[in-house]
Structure formats: C-alpha cells, structure tokens
There are 2 protein chains.
Amino acid sequence: MNNITIKDIANALGISNSTVSRALRDSHEISEDTKAKVIAYAKAVNYHPNPIAQSLRENKSYSIGVIVPEIANNYFSEVINGIDSVASQHDYHVVIYQTHESYEREISTIQHVLSRKADGLIISLSLETNDYSHIHSAMEDNFPIIFFDRVPPIENCYKVVSDNYEGAYKATKHMIEKGKKRIAHITSPPVLSITKERLAGYKAALKDNNIEVDDQLIKYCGFEPKDAFVVIDELIKNQKPDSIFVCSDRLALNCLEAIKNNPSEESKDLGLIGYTNLKTANLLYTPLSTIRQPAFEMGEKAAELLIKVLKSKNQIVDFETIILKNELIIR
Amino acid sequence: MNNITIKDIANALGISNSTVSRALRDSHEISEDTKAKVIAYAKAVNYHPNPIAQSLRENKSYSIGVIVPEIANNYFSEVINGIDSVASQHDYHVVIYQTHESYEREISTIQHVLSRKADGLIISLSLETNDYSHIHSAMEDNFPIIFFDRVPPIENCYKVVSDNYEGAYKATKHMIEKGKKRIAHITSPPVLSITKERLAGYKAALKDNNIEVDDQLIKYCGFEPKDAFVVIDELIKNQKPDSIFVCSDRLALNCLEAIKNNPSEESKDLGLIGYTNLKTANLLYTPLSTIRQPAFEMGEKAAELLIKVLKSKNQIVDFETIILKNELIIR
DNA sequence: TTATTTTCCGGCAACGTTCCCGACAACGAT
DNA sequence: ATCGTTGTCGGGAACGTTGCCGGAAAATAA
C-alpha cells in the first residue's frame with residue numbers, strides 16, 4: 001500500500017516533521033519556497049495524510065453513525081442516500097448499522113457507535129423501543145444525536161420528521177372525497193411516534209367530515225406477512241370496510257398481498273391508499289394512491305443538521321424539530 | 001463523553017500502563033490477582049479501548065469499504081444487508097459509498113477508501129467503467145478487493161457473481177416453453193459483465209430451441225425512464241415481439257411503465273419476464289415471472305471472502321470466483 | 001553600530017495503544 | 001553459595017499527526 005508519511009517527506013527533503021506538516025496545511029510560518037517544495041514532493045509521491053492519526057490527534061473521527069431498522073427497505077435506503085449525499089460533501093463518511101427492529105440490538109449498536117468514536121449519530125428507532133434510557137444516557141454525555149421518522153418522546157433533542165398528522169389527514173380526506181364511508185386504518189404498532197401521529201390525523205379527518213371513528217376499523221399490524229393476512233381477513237369478514245388506509249412500506253406490501261389473495265368479493269372493490277415510498281405504486285394490480293414521504297430530503301436535512309451541530313461544537317445549537325411535508329399522489 | 005483511558009486505570013490502581021494493557025488482553029505475564037483488579041475496575045468505570053488508537057498502532061481500521069452504484073436500489077441494499085450481517089459478526093464495520101454510475105466518482109471513491117485506510121473493499125462497478133487501471137493500481141498495492149455482480153474482465157481477482165448465463169438461459173427457455181417465438185431482450189449497456197453473460201444465455205437458449213437470434217430484438221437500454229420508453233415503442237411498433245425478457249431492477253421498472261403506457265394492442269398481450277429483485281413482482285398489474293438473484297447471499301459471500309483474506313493476511317488466499325445460482329420464479 | 005522585531009524552522013510532547021526490553025524478586029537446581 | 005528459571009511488572013518507544021515553545025538568522029529600527 002501507499003504509506004508515505006510526513007516523516008518520509010521530511011527525511012527526503014532534509015527538513016523537520018513540523019515544517020512539512022505546516023507546509024501542507026499552508027501555514028503562514030513557512031516560506032513560499034519550502035511550501036512549494038514540500039507540496040510538490042508530496043504530490044509526486046502521492047502523499048495522503050493518515051486520517052487515523054489525525055483522528056487520534058483531534059479526537060474526531062469524521063464519521064457519522066446511521067442506525068436504521070432495516071437497510072433493505074426502500075424508505076430507509078432513500079434516507080441513507082440523502083444522508084450520504086450531504087455527508088460526503090462535507091468529508092464525513094457514513095457508517096451504517098441496522099437494528100432489525102430489535103431493542104437489544106439498538107442498545108448494543110448505539111454502544112458500538114459510541115465506542116467507535118463516531119462524531120455523531122442519526123437514528124430512527126426500532127419497533128421494540130419503548131424505553132429511552134439508552135438514548136438519555138448518550139445525550140447526557142453530549143453526544144450529538146439526530147432522530148428521524150421514528151423519534152422518541154423527548155422534548156429537547158434534534159428531530160427530522162414528516163408531517164404525519166397532515167399526511168394521514170390528507171389521505172383520509174381523499175378517501176372521503178371519493179365517497180368512502182368506512183375507511184379502515186391499518187398501521188404500525190402503537191409505540192411508534194409515527195403511528196400515533198398518523199392515527200390522530202386519520203381520526204381528525206373523519207371527525208371533520210362527520211364520520212364517526214370506529215375503533216374496530218383501526219388495526220395495529222406487525223411486520224410479518226402472516227400478521228397482515230390475519231388482520232385483513234378479520235377486517236373484511238367482520239368490519240366490511242369500503243376502503244383501507246395502510247401505513248408504512250412493509251405493511252403496504254403485506255396487506256396488498258393479503259388483499260389480493262383474499263377470496264371474498266368485497267376485497268375486489270376496496271379503495272386503497274398507502275403511506276409508503278414504494279416505487280412500483282403505479283404499476284400494481286390495483287391503483288394505489290399514496291402519501292409519499294420526502295425520504296431523500298429527510299436524510300439531507302438530518303445530515304445537514306448534524307453537521308451544523310458538529311461544526312459549531314462550542315456554541316450550542318438550539319434543539320429543533322424539522323417537519324417536512326408529505327405529498328399526496330393520486331392514482 | 002466517556003473517555004477513560006488505560007492511563008486513567010493505571011493511575012487509579014497505582015500500576016503501569018503496560019500492565020493494564022496486558023491485563024485487559026489477558027496476557028499470561030500478569031498475575032491473576034492484578035488481572036482481576038484491572039478488569040473489575042475497567043468494568044466499573046465503563047472502559048472501552050479507543051479503536052482509533054488501536055488502529056493507528058496496528059495499522060488496521062477494522063472497516064471495510066463498500067462501493068455500489070446506488071444505495072437506494074433494492075438489489076444493492078439487499079447485498080449491503082448481507083455484507084453487514086457478516087461484517088458485524090466479525091466486528092468489522094461497513095462504510096458505504098455510491099458512484100451514481102459515474103466512472104469519475106468511482107475513481108475518487110476508491111481513492112477515498114484507500115486514504116481512509118479501509119482494510120478492504122467490496123465493489124460493484126459503475127455503468128461507465130470500461131477502463132480498469134484504477135482497479136489494477138489498487139490491486140498492485142495488494143489492497144484486498146472483492147468484486148460482485150458487475151465485475152471487471154480481470155483474471156486474477158476475487159469475484160462473487162450470480163450465474164447470469166444460466167439465469168438468462170432459464171428465463172428464455174421458460175418463455176419458449178410458454179410458446180413464445182419472438183422473445184425480445186432488453187438489457188443494460190453492453191460494457192457490463194452481467195450484460196454480456198445474460199445475452200449469451202439468452203442466445204444459447206434460443207439456439208438450443210432452434211429459434212434464430214434476431215439482433216433487432218436485442219435492445220440495450222439506459223437507466224433513464226425515457227430510454228425505456230423509446231426502446232419499448234420502437235420494439236412494439238417495428239419488431240412485434242410476443243414477449244420481452246428485461247434485465248435489471250431499474251430497467252424492469254422503467255420498461256413496465258413504458259409498456260403499461262403504450263397505447264397499442266400488442267402491448268397488452270406481451271409475455272414478460274424480468275431479471276430483478278423487485279419485491280412487488282407478484283403484485284404488479286401483469287404477472288411478472290422473474291429470475292431472482294440471491295442478493296443477500298451474495299453480500300454474505302463477498303464479506304466472508306473478504307474477511308477470510310483479511311484474517312490470513314500473510315498466507316496468500318487463492319483468487320476465486322464464487323458463482324451463485326439464480327432462482328426462476330414463475331408467476 | 002546595537003537593539004528589536006520578523007521570518008522561518010526544529011525540538012518536543014501529546015493523542016491512546018501495544019510491544020520489546022529489561023529489571024527484580026523468588027525459586028529450585030547445581 | 002552461585003546460577004539459571006520463572007513469574008511479574010515498569011520503562012520507553014513507536015504508530016502519524018499537530019501544536020506549543022523556543023531559537024537562529026534575517027530584516028528592520030534605533
């Protein structure tokens with residue numbers, strides 16, 4: 001490998017370590033003459049500073065940890081894409097971890113990120129997380145954390161979210177305007193922040209349009225395919241909805257499959273709307289209108305916010321919550 | 001942050017640095033007595049070794065670079081998922097980069113991975129890459145590289161690929177058995193290794209079934225949506241295929257959209273088969289049989305191979321090419 | 001001329017870790 | 001009593017950087 005160090009340059013040029021170091025950082029203490037020599041030689045031998053040594057010296061790693069429930073999920077991978085685009089511009093690199101929706105893994109992963117000396121963290125919480133002491137203890141150490149999408153119920157922290165309430169409201173309103181009366185809501189487990197907010201939006205839209213909220217039409221559904229089958233079957237058999245508002249990518253896939261495979265006649269005429277970033281939404285067997293989250297942009301915003309915090313390490317950056325609008329796509 | 005060092009422990013216990021270090025690494029040179037003390041104290045103060053200092057000392061970073069064309073592509077994110085699962089088991093962390101299909105970015109990204117002192121690299125080449133000098137120069141420095149999916153035409157290197165020839169053969173044969181005679185082939189740009197291999201499989205299947213290869217039915221298509229529209233329109237208007245074999249995730253999406261929007265009658269009866277990892281293939285408006293690559297497994301194999309190379313740093317690991325089977329999923 | 005400031009550079013320590021080398025007991029063997 | 005052994009530990013250097021301190025030569029001021 002190419003392992004030329006500052007010392008090698010110093011020896012070759014017959015000058016000292018620190019002179020080389022300063023010349024390379026364009027210090028005013030070094031004459032233009034020697035600067036030129038050093039830079040020329042460094043380029044000739046293809047010198048690159050050793051980032052590990054720099055990290056040790058500066059106590060910074062120029063890496064940011066990203067923790068998501070699943071990488072192989074279109075929504076999250078788009079977010080990562082956005083994070084990456086901003087981070088690489090600022091010469092940070094992105095180290096990705098996944099929890100697979102496990103609380104245990106979330107704890108150990110955060111621990112790992114900390115001990116690996118990442119400069120900061122961008123995270124979306126796992127499904128199982130309903131205790132936040134691991135978060136609090138990391139935050140008490142002044143470790144910079146940006147939450148996105150699935151955020152904890154903590155006041156003073158940095159958050160990037162989409163306007164779930166409004167998105168769900170729009171989706172529900174759209175179904176109402178299409179003449180639907182019994183709009184079922186299939187959503188993620190109730191611990192998640194997004195679940196609560198979307199549910200609130202759904203209920204508000206119903207109330208504002210004088211439709212009574214029927215709790216029987218609201219179903220929390222796990223992410224296993226069979227969960228969706230059970231929920232869909234029960235719903236269609238007993239509740240007779242005329243439409244369904246499904247939240248989240250994975251639920252949408254599972255539910256669509258369950259609906260497609262449901263033998264009853266009612267399943268054929270269901271109006272469907274999803275809260276999802278599925279790229280194939282317009283190619284499905286049944287047109288699927290969607291609320292689409294600005295995933296890439298959320299990643300960008302989260303990364304920008306984190307880097308702002310990192311760069312202004314001494315001044316305090318006020319905690320803020322960035323709320324992005326969702327888009328209603330009618331198909 | 002929690003920044004206790006070996007020195008802190010040494011001072012607190014009134015022993016030397018090196019004794020602490022050795023005690024923590026369970027050296028035989030240290031008495032069980034002091035070992036126990038050190039370990040107990042380390043645990044009490046929640047000591048974690050500083051990986052950056054270790055990296056500097058050992059000249060290893062315990063990180064592996066992964067370069068893909070696009071993160072937000074289901075195939076690649078599943079591969080990354082596989083890589084991550086193996087790497088994290090071995091305490092390596094995964095640093096992800098994307099080229100956005102740009103040759104320039106591929107070069108600079110590899111340079112970045114090298115200067116960031118990753119221990120090794122797993123890469124799938126960009127679309128534009130048809131010169132391999134950047135690869136060669138990295139390999140000459142003995143930098144461990146594993147290629148997957150889109151591999152370079154280099155003999156002596158580590159590769160993980162799927163059996164593209166066989167996959168394309170199976171897909172084409174399947175269409176023939178369904179009675180199709182004019183099977184068009186829409187595929188990625190011809191520089192890619194996967195393009196050539198799949199094309200060869202396609203042709204072989206036709207020949208083996210006494211169907212003449214019609215070069216007019218073979219279309220190379222870029223990844224922009226409009227590219228697919230142009231290709232599909234031309235095909236349907238002039239070549240009258242009775243079925244289409246589309247390669248790659250992104251092409252499949254674009255082509256399906258183009259076909260769906262094509263006004264002609266012929267487009268309705270087209271038999272379709274894709275070479276893709278689309279999760280929604282069974283939910284599309286038209287049933288899409290697919291050749292499915294074992295993406296997760298490819299990631300696993302690539303990571304396992306890389307780690308094997310890294311761990312046996314002195315002995316030479318023979319270059320090898322791992323070929324994984326594809327699955328024909330009929331819908 | 002002498003005094004004072006610049007200009008330019010080298011020496012050294014430090015970041016946290018590991019490893020080589022040597023030291024100094026205690027021990028049994030000669 | 002002397003000599004090697006064994007067990008246990010400390011000192012110091014090194015990984016590649018950067019920053020502080022100080023110092024010699026050159027330039028300017030007196």
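Sequence lines set the chain letters: A, B, ... in the order given, protein chains first and strands last, and positions in each chain run from 1. For clarity, every value in this text was computed on a predicted model and none was experimentally measured.
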Any salt bridge (charged side-chain N to carboxylate O under 4.0 Å, His left out) involving [range]? Give me the pairs, sequence neighbours left out, ordered by first then second residue.
| range | answer |
| --- | --- |
| residues 93-113 of chain B | B:Glu101-B:Arg150, B:Glu101-B:Arg250 |
| residues 65-77 of chain B | none |
| residues 75-86 of chain B | B:Glu78-B:Arg292 |
| residues 90-99 of chain B | none |

Of all residues at least two apart in sequence or in a different chain, which pass the side-chain contact (heavy atoms from CB on, under 4.5 Å) check with [X]?
| X | result |
| --- | --- |
| B:Asn59 | A:Asn3 |
| A:Lys60 | A:Glu58, A:Tyr62, A:Asp119 |
| A:Glu320 | A:Leu305, A:Lys308, A:Ile322 |
| A:Asn130 | A:Val191 |

Inset, instruction - Return the set of residues passing salt bridge (Lys or Arg N to Asp or Glu O under 4.0 Å) with A:Arg116 (not counting sequence neighbours), or none when no residue passes. - result: none
Inset, instruction - Determine the contact category for B:Thr34: base if any of its heavy atoms lies under 4.0 Å from a base atom, sugar-phosphate if only primed atoms, P, OP1 or OP2 are that close, otherwise nothing. - result: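 The answer is sugar-phosphate, as B:Thr34 gets under 4.0 Å only of primed atoms, P, OP1 or OP2.
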Inset, instruction - Do nucleotides 10-17 of chain D as a string where each nucleotide becomes B, S or -: B if the base has a protein heavy atom under 4.0 Å, S if just the sugar-phosphate does, - if no protein is that close. - result: BBB-BBBB
Inset, instruction - Count the heavy atoms of every other residue, nucleotide or ligand shown that sit under 6.0 Å from NZ of A:Lys159, and state whether that count exceeds 12. - result: yes
Legend entry - Span of DNA chain C in contact with chain A (heavy atoms, under 4.0 Å): C:dC8 to C:dG16
Inset, instruction - Please give the angle, rounded to 10 degrees, between the axes at the start and the end of the helix from C:dA3-D:dT28 to C:dT30-D:dA1, where five pairs define each axis. - result: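 Computed angle between terminal axes is 70°.
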